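Structure first, then comments.
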Amino acid sequence: MMKNKKQNLFEEVLEKLASVQSVELPGILDDERRAVFARQVVDSIRRIDFVKRLSELELSEFRADPNSELFDPLKAAVIHKKKGDSDEAFWLLLLATHFGKSQAYGWSIVADVYGARGETEPWTWQNITSNFDAFDRWFRRASFEISSEKKKLKFNNHRKYQSFRYDTAFSVPVVVKSYIDYIGGHFSHAAKISEAEYATNNDKSLMFDYFFKGMKSNVKSFSRLGVFDLLTMWAKLDLVDFYPQSAYISGSTGPRPGATLLFFGLHGGHSADSLETKLAQLNHELNLGPYAMQILEDSLCNWQKSPNKYKLFRG
C-alpha cells in the first residue's frame, strides 16, 4: 500500500533529525521524543502548506462577503489579491490575525467588525482610512452589542490577553488607528513595501526584520507573536516576497523553552541568541525551506507542551 504524503513527510523529517551532526539534540535522544517532535514539525509544515494552497483554489465570492456565513478573511484576502486590491488583502489579514478564529464563533467576530454587522457599508480599507472617526463611533456602540450577543467571545490563544471592550488602552479602534498610522498617510501597503525595499537594499530576510521591528514598535497590542504571525501570513499569501531569518524567540513563552529543551535538555538558562544560532544550524541540516523559522518556532512551541506524547494543536 502506498504511504500517504503525511507519513512520507514524517519519515523524512524523522530521518533528518536522526542524522543531524552539526548541533547536539539531547532533548530528543529518546526515540519516542524524537518522533513526537518530528510530528510537530510535520503539523507545522502542513499548516503552512494549507494557507499557501488557498491561492490555487477557485473561491466563491461569498468567502469575501462579511454578511455571508461562508465568510473567511483568509480566503477573502486571496480573492481581493487576485482582483488587484492588495490593500484590502493586507487589511483583512490584520483583522484575521488580531481577532483570530474563535472556537465558539469561527470567523464571525471578524465578519461583525469588517462587515459593520450589516448596518452600513463594510469597513473596507478605503472606508476606514477615509473616515476613521465614523468607525470609532460605530465600534463604541457595536462592541457592547457584539459582546452581549456572543457571551463566549474571546480572542484566540495567541491573542488571549486582548479585549473587545471600547474603554481599554488597546481597544480595537486604538489598534486599527496605530496600524493605519504605521502604513502611512498614503494608506498604501505597496508604498510601505517600497520603503522597506529601499531601506534594506531589497534583502528578503532584512525586509522581514525591518517590518518586524517597525510593527512591533508602532502597532498597538501586537507583540512578538502577533507581528510574527501577521508577517508570515503576508508571505504565505504571496503579498510580500520575504522570509524570517530567525524565530524571534526572545521573550517567547513557548518556543524559547522548547528550544532550550531541544538543544540542552533543560527548560531554561540559555540566551536567546545562542538558541537562535543553534536553530540556524539545525535548519541548515533539515533544509526546511524559506518558512523554516516559522516551522521551527511553531513546532517547538507545541512540542514543549507535551514532549513525550504527541498531541495535535490547531492554529
Side-chain angles (χ1 to χ4, degrees), residues 1 3-51 100-104 154-161 223-226 228-229 232 244 246-289 291-315:
M1 181 182 296
K3 297 176 183 177
N4 62 41
K5 291 182 179 179
K6 184 177 180 179
Q7 181 63 23
N8 286 338
L9 181 58
F10 165 70
E11 292 179 2
E12 179 185 340
V13 172
L14 191 63
E15 182 179 352
K16 286 182 177 180
L17 285 171
S19 302
V20 169
Q21 296 181 345
S22 64
V23 59
E24 294 184 358
L25 304 173
I28 55 173
L29 287 177
D30 177 80
D31 289 345
E32 183 60 31
R33 273 196 168 191
R34 187 184 307 121
V36 172
F37 181 64
R39 291 196 182 281
Q40 294 298 350
V41 171
V42 169
D43 287 348
S44 297
I45 292 172
R46 286 167 60 85
R47 277 190 285 270
I48 289 172
D49 287 345
F50 171 80
V51 175
K101 188 174 184 180
S102 166
Q103 289 186 354
K154 62 179 181 178
F155 290 54
N156 70 1
N157 285 339
H158 287 179
R159 310 284 292 153
K160 59 186 177 183
Y161 298 114
S223 56
R224 183 201 74 87
L225 185 54
F228 192 78
D229 284 349
T232 51
S246 73
Y248 296 93
I249 62 175
S250 178
S252 67
T253 57
R256 184 169 182 172
T260 304
L261 182 61
L262 178 66
F263 296 122
F264 297 100
L266 304 170
H267 284 282
H270 295 273
S271 72
D273 286 344
S274 68
L275 296 173
E276 292 281 11
T277 297
K278 289 183 178 295
L279 281 174
Q281 293 172 329
L282 176 61
N283 176 53
H284 182 71
E285 295 202 44
L286 297 183
N287 192 26
L288 296 174
Y291 300 99
M293 287 304 165
Q294 185 185 13
I295 293 167
L296 291 172
E297 189 268 356
D298 183 52
S299 55
L300 284 169
C301 181
N302 290 328
W303 173 69
Q304 58 89 28
K305 298 173 186 175
S306 181
N308 300 309
K309 184 178 181 181
Y310 170 73
K311 291 184 179 180
L312 176 63
F313 297 93
R314 300 187 183 278

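This chain uses plain numbering: 1 for the first residue, then up along the sequence. Everything quoted here is computed from the prediction, not taken from an experiment. Hydrogens, waters and symmetry mates play no part in the numbers below; they use all other heavy atoms, side chains included.
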Taking side chain as C-beta onward, heavy atoms only, is Leu286 less than 4.5 Å from Val13?
no
OG of Ser246 to CG of Asp273: how many Å apart, nearest 0.5 Å?
9.5 Å
Distance check, rounded to the nearest 0.5 Å: Asn283 atom CG versus Met293 atom CE?
5.0 Å
So, taking the atom named SG in Cys301 and the one named CZ in Arg256, what distance separates them when rounded to the nearest 0.5 Å?
14.5 Å
The reported gap from CG in Leu275 to CD1 in Ile249 (rounded to nearest 0.5 angstrom) is 4.5 Å
May I ask you to decide if the ring planes of Phe37 and Trp303 are parallel, tilted or perpendicular, using 30° and 60° as cut-offs?
perpendicular
Give, for atom OG of Ser19 and atom CG of Leu14, the distance between the pair rounded to the nearest 0.5 Å.
9.5 Å
Minimum heavy-atom separation for His270 and Thr260, please, with both atom names.
CD2-CG2, 3.9 Å
Give the minimum heavy-atom separation between Tyr310 and Val36, together with the two atoms involved.
N-CG2, 3.7 Å
Which atom names give the shortest non-hydrogen contact between Ser299 and Ser44, and what distance separates them?
N-OG, 3.3 Å
List the steps, then state whether side chain to side chain contact (heavy atoms under 4.5 Å, CB included) holds for Glu11 with Gln7.
CA-CA 6 Å; Glu11 292 179 2; Gln7 181 63 23; 3.0 Å; yes
Can you check whether Leu282 reaches Leu262 side chain to side chain, under 4.5 Å on heavy atoms?
yes
Any side-chain heavy atom of Asn308 sitting closer than 4.5 Å to one from Asp30?
no
Distance (rounded to the nearest 0.5 Å) between Arg47 CZ and Asp49 CG:
11.5 Å
Are side-chain heavy atoms of Thr232 and Tyr291 found at a separation under 4.5 Å?
no
Looking at every non-hydrogen atom in both residues, tell me the closest pair between Ala38 and Phe10 and how far apart they are.
CB-CE1, 3.7 Å
Test salt bridge (Lys or Arg N to Asp or Glu O under 4.0 Å) on Asp31 and Arg34 and set out the steps.
CA-CA 5 Å; Asp31 289 345; Arg34 187 184 307 121; 3.1 Å; yes
Are Val42 and Arg46 close enough that some pair of their side-chain heavy atoms sits under 4.5 Å apart?
yes
Do Arg224 side-chain atoms and Tyr248 backbone N/O form a donor-acceptor pair below 3.5 Å?
yes
Taking the side chain from Gln40 and the backbone from Lys311, do they hold a donor-acceptor pair closer than 3.5 Å?
yes
Any non-hydrogen side-chain atom of Leu225 less than 4.5 Å from a side-chain atom of Glu297?
yes
Should Phe263 and Val23 count as side-chain neighbours, where that means a heavy-atom distance under 4.5 Å?
yes
Treating Glu276 as the side-chain partner and Ala247 as the backbone partner, does any N or O pair qualify as donor plus acceptor under 3.5 Å?
yes
So do the side chains of Leu300 and Leu261 get within less than 4.5 Å of each other, counting heavy atoms only?
no
Determine, step by step, whether His284 and Val20 satisfy the side chain to side chain contact (heavy atoms under 4.5 Å, CB included) criterion, reporting the C-alpha distance in whole Å, the side-chain angles of both residues, the deciding distance to 0.1 Å, and the verdict.
CA-CA 10 Å; His284 182 71; Val20 169; over 6 Å; no
In short, Ile48 meets Gln294 closest at the heavy-atom pair CD1-OE1, 3.5 Å
CD (Glu24) with more than 12 external heavy atoms under 6.0 Å
no
Closest non-hydrogen atom pair between Leu17 and Leu25, with its separation:
O-CD1, 4.2 Å
